[in-house]
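As structure tokens, the structure follows; a few thoughts come after it.
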Amino acid sequence: MKKLTKICALIGAAAMIVSVSACGSTKSSDANGATSLTIWHYWDGANADTFDAMVKDFNASHKNIKIKTASVPNSDFMTKLRASASSKSLPDISISDLVWVPQIAKMGNLTDLSKVISSKTLDDVTPALIDYGHIDGKQVSVPVTANNLAYMYNKDVYKEAGLDPNKPPQTWDELKKVAKTIKEKTGKPGYDLLTQAGDNGEGLTWNFQVNLWQAGGEFLTKDNSKAAFNTPEGKKAMNFWMDLIKSGVSPYAKWGEFEKGKGGSAQEGSWMVGIWAPDPPFDFGVAKAPHPKDGKEATNLGGEQAIVFHNSDARAKAAGEFLNWFLQPEQVIKWSQKTGMLPVTKSVAKSDKYLDWVKKEQPRLIPFVEQMEIAHTRPNTPLYPKISFEFAKAVEKAFAGEQSVDEALANAEKAVNDVIAKG
């Protein structure tokens, strides 16, 4: 029985290598002499269908390049990418979460995209997104999607609580007042908070950073050498969350009530507009993320970025040609309209064609589009996933009522600095 188990394990391992190698072909051209490329992404559903359709359009108009796409599940993406790096069968283009870029950058010989994508195209990309892909003097990635976080609310619950659904809160104080009214009048939680670390902590960290930046704080130092959140600004953001939890309007460990239609509001991502279109489960509104009166507007910027592995000069050049094409206004508008994702280029985000479409077809996206100018990216370091998890695990103890804000922040600072010190 043990022998059979070992044989099965070997077959499984071999199958994974074959699967990965098949996705990351080493052939440079097809039978017709066209340069062959493989793209890995983790999209499914409408996003995958739209991307594949656009790749098909590119192939039809670029006879010298033949692109194949492979959808790798999000949970397996990094594992398979590392396996393909070990077996020297990396895809030509990897499209994945923005925060994975620093880790992927260490896997192989990357193409400097400033050498294969026109400077005019790169100059048009939203500054925070293009800057994130600039590592060690090279442009190692470019954005293909963008999203951010804003205030989303249930208009039906607003009406039930006697609130005006056309007047969402603009400040933290207004948010607390609205959430309290919802709780008192309807018995429903007024504002969802993601207070648990969960499997990787990023949900909590990603949401908390919005309020940290609004309070004037920073998550790490500019050089990413140590934690920067254990400050008066960090305590202000933490106390904002604690006020919401202690008042009962944001119950600990109750994230998701808003999405079920059982809560008044939440800080949600722009992707929810696309997920719920065209038939939302309830009538909802969107507004910019509320900020403190004495603070500043801010939100968290996310999305996917494309990296080109330098499998050969010809394939790198062809990959650059595809990304240059994908970032042109016609493609950016088509991609944004079909998926509901936010445009990654300044020209499209401010164009009448895109904005007229938003106002007519998806007006709930307007606050997200407007927030692109005040959106921050997370720290650009390969250690970020570990840092995020350690931070979330530490501060969760305050939200759970197990530690004070000061204790939780001090412990989070120590945990994050330990991760950075160990590298």
Side-chain angles (χ1 to χ4, degrees), residues 78 82 96-110 112-114 126-143 148-149 197-198 200-241 295-296 298-303 305 307 374-398 403-423:
M78 290 297 286
R82 290 190 179 99
S96 62
D97 193 285
L98 173 150
V99 295
W100 292 354
V101 168
Q103 295 178 72
I104 297 173
K106 293 183 174 294
M107 290 185 191
N109 182 22
L110 304 189
D112 184 348
L113 297 178
S114 66
T126 300
L129 289 172
I130 198 70
D131 289 347
Y132 194 88
H134 196 77
I135 300 175
D136 296 332
K138 294 171 64 175
Q139 191 66 47
V140 303
S141 71
V142 291
N148 62 60
L149 296 170
N200 59 30
E202 182 58 2
L204 188 161
T205 304
W206 147 264
N207 277 275
F208 179 78
Q209 285 168 340
V210 174
N211 299 130
L212 174 65
W213 291 323
Q214 290 174 336
E218 292 294 340
F219 192 64
L220 300 181
T221 55
K222 284 187 178 181
D223 60 0
N224 297 326
S225 62
K226 60 183 178 179
F229 50 75
N230 190 13
T231 60
E233 293 80 11
K235 291 176 184 178
K236 182 175 182 176
M238 281 284 288
N239 284 323
F240 171 57
W241 280 41
K296 53 189 178 182
T299 189
N300 213 328
L301 181 60
Q305 299 231 346
I307 282 178
I374 49 99
H376 297 233
T377 53
R378 287 155 283 177
N380 189 331
T381 167
L383 297 174
Y384 179 78
K386 289 183 179 179
I387 289 170
S388 174
F389 196 22
E390 291 303 319
F391 171 82
K393 287 191 294 183
V395 298
E396 180 187 0
K397 294 185 184 300
Q403 291 182 353
S404 68
V405 165
D406 286 349
E407 288 174 322
L409 280 176
N411 289 335
E413 181 181 40
K414 183 181 184 305
V416 167
N417 286 341
D418 284 347
V419 170
I420 295 172
K422 291 174 182 176

Going by heavy atoms in the side chains, are Asn148 and Ile374 under 4.5 Å from each other?
-> no
How would you list, by chain and number, every residue that makes a side chain to side chain donor-acceptor pair (under 3.5 Å) with Asp112, sequence neighbours excluded?
-> Ser114
Check ring-ring contact (aromatic ring centres under 6.0 Å, His included) between Phe389 and all other residues, then give those that pass, not counting sequence neighbours.
-> none
Could you give all pairs that pass the ring-ring contact (aromatic ring centres under 6.0 Å, His included) test and reach residues 404-423, with sequence neighbours left out?
-> none
Listed by chain and number, what are the side chain to side chain donor-acceptor pair (under 3.5 Å) partners of Glu390, not counting sequence neighbours?
-> Lys393
By side chain to side chain contact (heavy atoms under 4.5 Å, CB included) - contacts of Lys386 (at least two apart) = Val419
Excluding sequence neighbours, so at least two apart, what forms side chain to side chain contact (heavy atoms under 4.5 Å, CB included) with Lys226?
-> Thr221, Asn417
Would you please name every residue forming a side chain to side chain contact (heavy atoms under 4.5 Å, CB included) with Ile135, sequence neighbours left out?
-> Val101, Ala105, Val140, Asn380
May I have all residue pairs that pass salt bridge (charged side-chain N to carboxylate O under 4.0 Å, His left out) and include part of residues 410-421, sequence neighbours excluded?
-> Lys414-Asp418
Side chain to side chain donor-acceptor pair (under 3.5 Å) involving Asn211 - partner list, sequence neighbours excluded = Gln214, Trp241
How would you list, by chain and number, every residue that makes a side chain to side chain contact (heavy atoms under 4.5 Å, CB included) with Ser388, sequence neighbours excluded?
-> Glu202, Thr205, Tyr384
Would you mind reporting whether Arg378 and Phe219 have side-chain heavy atoms less than 4.5 Å apart?
-> no
Can you sort out the partners of Asp131 under salt bridge (Lys or Arg N to Asp or Glu O under 4.0 Å), two or more places apart, ordered by chain and number?
-> none
For Thr231, the side chain to side chain donor-acceptor pair (under 3.5 Å) test, sequence neighbours excluded, returns Glu233
